[in-house]
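Some notes on the structure that comes next.
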Amino acid sequence: PSIDTETPRKDGDIDPWYPAKGYPSPDTSVHQLVHSETPPAFLAGIRGDKYCPADENTDVYAEVLTKHGVPFKYVTNNEHQHGCGLQDWWTKECERWLQEQGWALTTAA
């Protein structure tokens with residue numbers, strides 16, 4: 001998902017993306033909804049994603065989470081593109097993070 005809907009895209013790949021005209025709506029910019037009571041988050045960003053690049057989305061969210069002291073785990077990938085699906089580079093890390101939070105069972109060895 002796109003995090004920052006207010007900032008114009010660097011290369012215009014997401015048309016129609018017209019923040020100045022109110023699309024998408026500014027209230028969908030989830031980074032503006034973060035506060036100290038926001039739940040912990042797991043973030044997966046793709047550096048080369050031309051539709052939702054990490055530097056315009058998950059990096060922005062990670063910065064705001066840090067500012068408000070909200071715990072999070074952030075993994076990135078440089079090889080995949082938008083819509084990469086379930087890939088080990090993020091699913092294994094997410095599983096481990098969920099287990100660390102006590103939100104998922106650990107697998108028996």
Side-chain angles (χ1 to χ4, degrees):
S2 295
I3 304 298
D4 178 3
T5 62
E6 296 181 304
T7 306
R9 306 298 86 183
K10 289 179 187 171
D11 56 17
D13 276 335
I14 302 180
D15 290 328
W17 194 275
Y18 305 111
K21 295 180 182 179
Y23 180 81
S25 174
D27 62 353
T28 62
S29 288
V30 297
H31 71 296
Q32 303 227 19
L33 304 174
V34 174
H35 52 80
S36 62
E37 298 300 315
T38 297
F42 180 86
L43 308 174
I46 301 174
R47 295 273 166 225
D49 186 333
K50 70 178 191 173
Y51 298 110
C52 293
D55 66 327
E56 296 180 12
N57 292 282
T58 45
D59 287 359
V60 173
Y61 199 61
E63 282 180 35
V64 176
L65 292 172
T66 299
K67 177 182 172 184
H68 290 280
V70 176
F72 66 94
K73 170 74 175 180
Y74 185 16
V75 297
T76 60
N77 182 279
N78 296 323
E79 299 169 14
H80 289 88
Q81 289 296 318
H82 187 77
C84 71
L86 299 172
Q87 299 286 327
D88 283 347
W89 69 266
W90 73 268
T91 58
K92 297 291 184 190
E93 290 293 325
C94 184
E95 178 183 27
R96 189 172 11 264
W97 181 79
L98 289 168
Q99 290 168 346
E100 290 169 358
Q101 303 307 307
W103 298 335
L105 298 175
T106 56
T107 54

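From a predicted model like this one, the values you see are computed outputs, not experimental measurements. Hydrogens, waters and symmetry mates are skipped; everything else that's a heavy atom, side chains included, is used.
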Q: Take W97 and W103 through the test side chain to side chain contact (heavy atoms under 4.5 Å, CB included) and record every step on the way to the result.
A: CA-CA 9 Å; W97 181 79; W103 298 335; 3.5 Å; yes

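- Side-chain contact between H35 and T38 is present, with at least one heavy-atom pair separated by less than 4.5 Å.
- Under the 4.5 Å side-chain heavy-atom criterion for ILVMFWY residues, a single connected hydrophobic cluster contains both V34 and F72.
- Once rounded to the nearest 0.5 Å, the distance linking CD of E95 with NZ of K92 reads 6.0 Å.
- Residues meeting the ring-ring contact (aromatic ring centres under 6.0 Å, His included) test with H82, sequence neighbours left out: Y51.
- Rounding to the nearest 0.5 angstrom, the gap separating the CZ atom in R47 from the OG1 atom in T76 is 4.5 Å.
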Q.
Run the side chain to side chain contact (heavy atoms under 4.5 Å, CB included) test on L43 and L65 for me, step by step, so that the C-alpha distance in whole Å, both residues' side-chain angles and the decisive distance to 0.1 Å come before the verdict.
A. CA-CA 11 Å; L43 308 174; L65 292 172; 4.1 Å; yes

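- The distance from the CD atom of E93 to the CG atom of L98 is 11.5 Å, given to the nearest 0.5 Å.
- The line from OG of S36 to NZ of K67 is 12.0 Å long, rounded to the nearest 0.5 Å.
- Around atom CG of L33, more than 12 heavy atoms belonging to other residues, nucleotides or ligands sit under 6.0 Å away.
- Scanning both residues, H31 and V60, for their nearest heavy atoms gives CD2-CG1, 3.7 Å.
- I46 and V75 fall within a single hydrophobic cluster, where Ile, Leu, Val, Met, Phe, Trp and Tyr are joined by side-chain heavy atoms under 4.5 Å apart, directly or via other members.
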For residues 83-91, which side-chain N or O atoms pair as donor and acceptor with protein atoms under 3.5 Å away, sequence neighbours left out?
from : atom 1 : to  : atom 2 : distance (Å)
Q87  : OE1    : H80 : NE2    : 3.4
Q87  : NE2    : C84 : O      : 3.0
W89  : NE1    : H80 : ND1    : 3.4
W90  : NE1    : G85 : O      : 2.9
T91  : OG1    : Q87 : O      : 2.9

